Amino acid sequence: MVFAYKKEIAIMKNTFAVLALSSFFIFSACKKSETHMDRTDKAEVNQPKAFTVDSVQVKDSVQVSDSLKIRYYSRLLVFPTIKDKNLLDSIYFDNKNIQDFSENGLQALLEKNKNEYFASVKKDSKDFLSDLTFSQEWYSDTGMNMKSNKNGYLHIEYVWGSYEGGAHDNYGFSERVFDLENNKKVVLKDITSMPKSKLEALLMKNINKINSGTTDSNGKVNNSEMLLVDIIPATENFYFDEKNLYFHYSPYEIAAFAAGDITIPVSWQELEDTVNPAFKERMKIN
């Protein structure tokens, strides 16, 4: 009887051990399955990449002769999160047929442009170097500046300056706004349907609203005194914010060089009910 009792106890211990071991394996398998599912779920969630911007630049100079030095500077913005080829082509409109929009690709492009500029100036200056009566520094400067990125609208200002002899240097601006939601450059008809003649009348009316450096004897803005045109064209060289639509004109475009570059605002109220409703809502214009 004692022997049978001990045997029964041993069997019960073995049974409990088997049950405990089985529970452990089942629990472990569940944990592994949960872990695997967690990892799978996390892997399937594609978080949108945050908008990022970087830049590349090149700066160099060459002494062509005792009387001529040439300098080159250029800066390009880099947009790693923008992948649409047509949009990128529009952003880098001054540089045709770019295949590599990466930081390394754009840096290589700047080096190529610099070498071509130096070679061109050296070639063209051969015939008149002997006529230079004093030392000169010629240059080419170009750049891109990100002015704003709001409500899915990216505003980039393109600037350039140069001097290759003459009375003074030259400079200019190009304003371009890109719709990041629809991967395209914004054009005037995306914003307003106002007839061109009415818009041009507003531009003439508002020409003295922003100081470009041209003032009269009383210190009042007087851009209109240096106008070279009878009608100020409503160009595609514009940008905007919550208050106004702005048109930017480079020297000589509508006024004498001494007037500098001129920016003319047109308020959303002046554009009345011609503003595109979808644009108005997206820009939160009251």
Side-chain angles (χ1 to χ4, degrees), residues 90-91 93-94 141-162 168-179 184-280 282-286:
S90 186
I91 289 174
F93 69 101
D94 268 346
D141 288 354
T142 59
M144 293 170 65
N145 301 312
M146 191 180 86
K147 305 298 288 187
S148 66
N149 179 23
K150 196 170 184 180
N151 301 316
Y153 291 115
L154 172 65
H155 172 203
I156 300 176
E157 182 181 71
Y158 302 78
V159 297
W160 65 270
S162 67
H168 56 73
D169 58 359
N170 292 301
Y171 65 94
F173 301 84
S174 178
E175 310 287 350
R176 292 169 80 90
V177 182
F178 301 95
D179 184 344
K184 69 169 192 171
K185 177 183 176 293
V186 178
V187 295
L188 201 53
K189 66 181 181 180
D190 295 329
I191 299 174
T192 177
S193 60
M194 177 170 280
K196 189 176 180 181
S197 58
K198 286 190 175 182
L199 188 51
E200 289 171 343
L202 287 173
L203 290 172
M204 186 66 77
K205 170 178 169 285
N206 295 344
I207 187 173
N208 292 323
K209 283 198 171 182
I210 293 181
N211 186 6
S212 66
T214 306
T215 57
D216 59 21
S217 57
N218 297 318
K220 187 178 179 180
V221 178
N222 201 11
N223 296 325
S224 55
E225 285 297 313
M226 291 197 175
L227 275 179
L228 300 174
V229 296
D230 295 325
I231 297 174
I232 299 175
T235 70
E236 293 292 326
N237 196 24
F238 65 81
Y239 60 97
F240 48 80
D241 58 20
E242 294 85 352
K243 296 180 179 179
N244 301 299
L245 175 63
Y246 302 90
F247 292 83
H248 196 175
Y249 301 90
S250 298
Y252 289 128
E253 195 171 354
I254 61 171
F257 182 82
D261 60 295
I262 296 175
T263 300
I264 306 177
V266 178
S267 71
W268 300 121
Q269 288 74 22
E270 289 176 305
L271 291 171
E272 300 172 339
D273 57 353
T274 69
V275 180
N276 184 311
F279 172 83
K280 189 174 183 178
R282 186 165 155 188
M283 281 298 295
K284 301 176 176 59
I285 297 170
N286 296 323

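Because the structure is a prediction, the values reported are computed rather than measured. Residue numbers start at 1 and run along the sequence shown.
Remark: the Ser224 side chain and the Asn208 side chain contain an N/O donor-acceptor pair separated by less than 3.5 Å. Thr274 and Thr192 are linked by a side-chain donor-acceptor pair at a separation below 3.5 angstrom, with hydrogens and angles left out of the test. There is a side-chain donor-acceptor pair under 3.5 Å between Glu270 and Ser267.
Every residue two or more places apart in sequence or in another chain was checked for a salt bridge (Lys or Arg N to Asp or Glu O under 4.0 Å) with Glu236, and none qualifies. Ser162 is linked by a side chain to side chain donor-acceptor pair (under 3.5 Å) to nothing, counting only residues two or more places apart in sequence or in another chain. In terms of the side-chain contact (heavy atoms from CB on, under 4.5 Å) criterion, residue partners of Thr263 (sequence neighbours excluded) are, by chain and number, Ile210, Tyr239, Tyr246, His248. Partners of Pro251 by side-chain contact (heavy atoms from CB on, under 4.5 Å), not counting sequence neighbours, listed by chain and number: Tyr171, Phe257, Asp261. Among residues two or more places apart in sequence or in another chain, the side-chain contact (heavy atoms from CB on, under 4.5 Å) test is passed with Lys243 by Asp241. Checked against ring pair (Phe, Tyr, Trp, His ring centres under 6.0 Å), Phe240 has the following partners two or more places apart in sequence or in another chain: Tyr153, Phe279. Residues satisfying the side chain to side chain donor-acceptor pair (under 3.5 Å) criterion with Thr142, sequence neighbours excluded, are Ser74. With sequence neighbours excluded, no residue satisfies salt bridge (Lys or Arg N to Asp or Glu O under 4.0 Å) with Lys198. Residues forming a salt bridge (Lys or Arg N to Asp or Glu O under 4.0 Å) with Asp179 (at least two apart in sequence, or on another chain): Arg282. Remark: Lys150 engages Glu242 in a side-chain contact (heavy atoms from CB on, under 4.5 Å) (not counting sequence neighbours). Partners of His155 under the side chain to side chain donor-acceptor pair (under 3.5 Å) rule, at least two apart in sequence or in another chain, are Glu175. Judged as a salt bridge (Lys or Arg N to Asp or Glu O under 4.0 Å), and not counting sequence neighbours, the contacts of Asp190 are Lys184.
Aromatic ring centres of Phe93 and Tyr158 lie closer together than 6.0 Å.
Heavy atoms only, all atoms of each residue included: Val229 and Glu253 are closest at CG1-O, 4.3 Å.
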